[in-house]
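Note that the coordinates shown come from a computational prediction; the quantities given were computed from them, not determined experimentally. Both backbone and side-chain heavy atoms feed into the values below; hydrogens, waters and symmetry mates do not.
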Amino acid sequence: MKHYHIVFTFLSAVLITIAGCRGTRTTNQNEKSSSATQQIAFKRLIDPFPVYEDTGSALTHPFQGGFNTPRPQFVDIDGDGDEDLFVQENTNELIFFRNKSAESGGGLQWKTNRYRDLDIGEWFRFVDLDKDGVMDLLTEQPYSYIRYYHNEGTAQNPKFVLAADSLRDVNGKPIFSDRQNIPNVTEIDCDDKLDLFIGRLDGTITRYESVGRNERGIPQFKLVSKQFEGIEIVKEVGGSLHGANTLTFADIDNDNDQDLFWGDFFEPGLLLIENTGSCGNPVLKGEPEPFPPSNPVKSSGYNAPAFADWGGDGDLDLFIGVLGGAYNANKTLAENFYFYEQGKKGRFRRRSKQFINSIDIGNESKPAVGDLDGDGDNDLLLANKIDPEQGNTSLVYRYEHRSEKEKPSLHMNDTLELPEAYHYAPALGDLNGDGLDDLLLGNWKGRVAYYRNTDNGFEKVSSDYIGLERVSHSVPVLGDLDDDGDLDLIVGESGGGIFYFENKGSSREPNFVRQKGAFPDISVDRRSTPALNDIDGDGDLDLFLGSKSNGMVFFRNTGSIKKPKFTSDALSDSVNAPVLAVPRFGDLDEDGRKELLMGLESGGVLFYSVED
C-alpha cells in the first residue's frame, strides 16, 4: 500500500470546494449581441493590436483575460488532424482555442469562452464513450455526479446533446465523483472496455468498467475496485486526511500501456506511477515518483496535467494547469499554464509558464486609461490585488501607448512606485489643467489617494484625499457629470453602492464635496466598480457598475447633461461580464471611439469594441 507523506497543514475540504467553485457567473453569456433599446453591440477582440511584455516579446493572446485555475485538455474537436485546446477557468465555462497549425498564419485561435453554451460544472473530460469515432463529453453534474453529453454530430461538426444527468452503475445508482477532484477515462487493460477512474479525498482511486448500455442507450459501469492497485496518496496528520486531486493517463514511456499521473493539493509537483505490467495486465504498484524525472515540476500545488503531441514530432508533450494548492497559491496567480516539451531520450524541458500568453498580472485586475506622458494618446494602468512574487502589496503596472507606422501598440514599462497597500484601484484624469492625467488611487481600506503627474512619474499630493467611513475597496472614476468643465468623482465600494463627489472647485484646483443621498437606488450586490461613458451618444454620461457576482450592470442617464439621473437598463446584456468585473472606457486602438476594457478576477483584461 502506498503512503506518500506530505507534511503541510491540512486544509478542510470545505475550503477546497470553495476554491474549486471560484468564478461562478450569473450574467448573460453572449459574446456579441445588441441592446434592444439602442442597438449598440459590444464585440470581444483578443488581439486588436500588438501588446508587448517588458522583455519586448509580443503577447500572442493579449486580451484573453488571463488564468488563475486553468484546467486544460487537448482534443481534435473539428476533425482536421490537429489537437485543439479546451480550458476551464470558471464554473460552467469552457474556453475553446481552435488549432490552425495546418493553415497559413496558424497556431491557436481563441473562439469562445462558452463552447456550445454547455454547462460543465467544475470539470470536464472529452472521451469517445460509445466508441463511434466522435468525442462525447463528461462534466460535473452539481453536486459531485457525472453528467453525460452524447455527441450526435460528426468528427468535423460535433453536436452535444445532454443524454444523462448522471452516469450510473449496473444497479442504477448514480456514480459519485467529488467535485474538487478531476476524474479520467481510459482503457487500462486492453479489453475493449473503457474504464472510469475517480480520485477520492482520501487519496485512493475508484475504478469502474463499462458493461454496455441500458435501455436508453446510456453507458453503464460496474464497480471494479474501491482502491485501484492499492494506491493511497495521502497526507497524514493524526489520521488519513486529504485534499483535492487530478489524475490522467498517458503512455509516457512508449511501452503500449497506460501510466498514471497524479496532481494533488498537498503536492508541489506532479507524480508518476509507472505501469510496469503490460497492456493486457496492468501493474501500477511502484512508489510515486516526481515528474519529469530530470526536471520535476514545482509549483504551488494541485497540478492538472494534460498531454499532447504539440510539436508534431511523434512524442507526447506535457501541459499543466496549476490550480493552486497548499504552497502559497499567490505565487502562481499569473504564471500557471506550464508547457514542457519532450526532447531526445524522453527528457522534458520547460518552455513556458504561460502557454497562453496574455496580459496577466495575477488576480483582480483594475484598469485605468489616460494620457500619462502628454503625447496625446491613451496609455494604460493596470492594478492587481496582490503582487504574485512578494505578496506584500498591490502593484500598478504601466503600459505605454506607441504608434508605429500609424498602428497602435502597448508596451509594458514598469510598475509605479507606491506605498504598500492592497487592492489598488486607479483612476486617471487631468486635475490641475497641465495636460497630463493625474492619478486617484483607491485601496481596500476605503481611502482614495491623489498623485500629481509630473511627467516624470507621480508625486503624492495626499494619501487620504478622499476618506469613506465604514467601507472598504474604494474604486474611483472621474467624469464631468454636471457639464461645468471640471471633473467630478464617483467612488464604488465594498457594499455595492456609489458615492458622488461634486467638484465645487475648478478644472485646475478641484474641491470634491460629497453629495449625500445622491443616487440612493444605484447599487449592485457587492464590490461596485463604476465607469462613465456616453454610450448612447446623447451628450451625457451613462454609468456602468461592475460587481463581485452580478457581472456588469448598466444605468442609462435619463436626466440631462447638467443633472444626471441614472436608470437601470439592459444594455449590459450584450457583454460577457465576468466575476469581479471592473469596466473602463478609453480609445486605445485610435479609431476615434472609446472601447470597453474590463478587469477581472483572473488578472487579465477583456477588450470590447463598441459597434453600432
**Message:** Please check: side-chain N/O of S278 versus main-chain N/O of N281, any donor-acceptor pairing under 3.5 Å?
**Reply:** yes

**Complete:** Taken to the nearest 0.5 Å, the spacing of L223 CG from T206 OG1 works out to 7.0 Å

**Validation row: P219, Y148 side chains within 4.5 angstrom (heavy atoms)** = yes

**Request:** Start with the C-alpha gap between H150 and D132, add the side-chain angles, then the distance that decides, and say whether side chain to side chain contact (heavy atoms under 4.5 Å, CB included) holds.
**Result:** CA-CA 11 Å; H150 182 234; D132 63 353; 4.0 Å; yes

**Item:** NZ/NE/NH1/NH2 to OD/OE distance under 4.0 Å, R98 and D78
**Value:** yes

**Asked** Is any NZ, NE, NH1 or NH2 atom of the basic residue among R351 and E341 found under 4.0 Å from an Asp or Glu carboxylate oxygen of the other?
**Response** yes

**Asked** Got more than 12 heavy atoms from elsewhere within 6.0 Å of CD, E389?
**Response** no

**Heavy-atom donor-acceptor pair, D136 side chain to N151 backbone, under 3.5 Å** = yes

**Asked** Would you find a donor on one side and an acceptor on the other, under 3.5 Å apart, between the side chain of N330 and the backbone of G391?
**Response** no

**Asked** Heavy-atom distance under 4.5 Å between the side chains of N576 and N113, does that happen here?
**Response** yes

**Asked** Does the pair D117 and R114 meet the rule for a salt bridge (Lys or Arg N to Asp or Glu O under 4.0 Å), with working shown?
**Response** CA-CA 5 Å; D117 207 34; R114 287 281 302 179; 2.9 Å; yes

**Asked** What is the minimum heavy-atom distance between Y340 and P292, and which atoms define it?
**Response** CD2-CG, 4.1 Å

**Asked** Does any N or O in the side chain of N184 come within less than 3.5 Å of the main-chain N or O of F197, such that one atom is a donor and the other an acceptor?
**Response** no

**Ring centres under 6.0 angstrom apart (F291, F348)** = yes

**Asked** Just by distance, do the side chain of N550 and the backbone of D525 share a donor-acceptor pair under 3.5 Å?
**Response** yes

**Message:** To check you understand the geometry: which heavy-atom pair defines the closest contact between C279 and D257, and what is its length?
**Reply:** N-CB, 4.0 Å

**Prompt:** Are the side chain of E89 and the backbone of T69 linked by a donor-acceptor contact shorter than 3.5 Å?
**Reply:** yes

**Message:** Whether the side chain of D76 engages the backbone of G81 through a donor-acceptor N/O pair (distance < 3.5 Å, no angle test) should be reported.
**Reply:** yes

**Message:** Out of the candidates L272, I252, N275, I231, only one should pair with L260 under the side chain to side chain contact (heavy atoms under 4.5 Å, CB included) rule; please name it.
**Reply:** I231

**Item:** Taking every non-hydrogen atom, the tightest pair across G604 and S365
**Value:** O-OG, 2.6 Å

**Prompt:** At what distance, to the nearest 0.5 angstrom, does NZ of K344 lie from CZ of R349?
**Reply:** 13.0 Å

**Asked** Looking at L45, V605, D47, which hits side chain to side chain contact (heavy atoms under 4.5 Å, CB included) with F63?
**Response** V605

**Prompt:** Nearest 0.5 Å, what's the CD1-CZ distance between I175 and R168?
**Reply:** 9.5 Å

**Request:** Would you please indicate if the ring centroids of Y208 and F221 are separated by under 6.0 Å?
**Result:** no

**Asked** Is the distance between the ring centroids of F355 and W310 less than 6.0 Å?
**Response** yes

**Salt-bridge contact R207-D195 (side-chain N to carboxylate O under 4.0 Å)** = yes

**Message:** side chain to side chain contact (heavy atoms under 4.5 Å, CB included), that's the test. Do D119 and T139 meet it? Break it down for me.
**Reply:** CA-CA 8 Å; D119 290 330; T139 73; over 6 Å; no

**Message:** So which atom in A163 and which in R216 form the shortest heavy-atom distance, rounded to 0.1 Å?
**Reply:** O-NH2, 3.0 Å

**Item:** F67 versus D360, closest heavy-atom pair with distance
**Value:** N-OD2, 3.0 Å

**Rounded distance (nearest 0.5 Å) linking atom CD of E93 with atom CG of L118** = 12.0 Å

**Item:** Distance (rounded to the nearest 0.5 Å) between E140 CD and I120 CD1
**Value:** 9.5 Å

**Asked** Under 4.5 Å between any side-chain heavy atoms of I77 and E83, yes or no?
**Response** no

**Prompt:** Would the Y145 and F176 ring centres measure less than 6.0 Å apart?
**Reply:** yes

**Asked** In terms of side-chain geometry, is the basic nitrogen of E232 or R200 positioned less than 4.0 Å from the acidic oxygen of its partner?
**Response** no

**Request:** Can you establish whether the number of heavy atoms outside K222 located under 6.0 Å from its atom NZ is more than 12?
**Result:** no

**Request:** Please answer whether the main-chain N or O of N181 pairs with a side-chain N or O of N245 as donor and acceptor at a distance below 3.5 Å.
**Result:** no

**Prompt:** Any donor-acceptor pair under 3.5 Å linking the side chain of R116 with the backbone of F160?
**Reply:** no

**Request:** Verify, without hydrogens or angle tests, whether N214 (side chain) and G217 (backbone) share a donor-acceptor contact under 3.5 angstrom.
**Result:** yes

**Prompt:** Are V575 and M598 close enough that some pair of their side-chain heavy atoms sits under 4.5 Å apart?
**Reply:** yes

**Request:** Kindly indicate whether a cation-pi arrangement holds for R44 with W110, taking the cut-offs as under 6.0 Å to the six-membered ring centre and within 45° of the axis.
**Result:** yes

**Item:** side chain to side chain contact (heavy atoms under 4.5 Å, CB included) assessment of V579 paired with L600
**Value:** CA-CA 6 Å; V579 167; L600 64 163; over 6 Å; no

**Asked** Could you give the distance from CD1 (I95) to CG (N90), rounded to the nearest 0.5 Å?
**Response** 7.0 Å

**Request:** Start with the C-alpha distance between N384 and E364, add both sets of side-chain angles, then the distance that settles side chain to side chain contact (heavy atoms under 4.5 Å, CB included), and finish with yes or no.
**Result:** CA-CA 5 Å; N384 59 12; E364 297 193 26; over 6 Å; no

**Request:** Using a 4.5 Å cut-off on heavy atoms from C-beta on, say whether the side chain of S177 contacts that of S144.
**Result:** no

**Request:** Please report the C-alpha distance between F307 and F261 in whole Å, then the side-chain angles of each, then the deciding distance to 0.1 Å, and finally whether the ring pair (Phe, Tyr, Trp, His ring centres under 6.0 Å) criterion is met.
**Result:** CA-CA 10 Å; F307 291 89; F261 293 85; 4.7 Å; yes

**Request:** Run the salt-bridge test on D80 and K100 with the 4.0 Å N-O cut-off and return the result as yes or no.
**Result:** no

**Message:** Is the distance between the ring centroids of F86 and F74 under 6.0 Å?
**Reply:** no

**Item:** Nearest atoms (heavy-atom pairs only) where W123 meets Q88
**Value:** CA-OE1, 3.2 Å

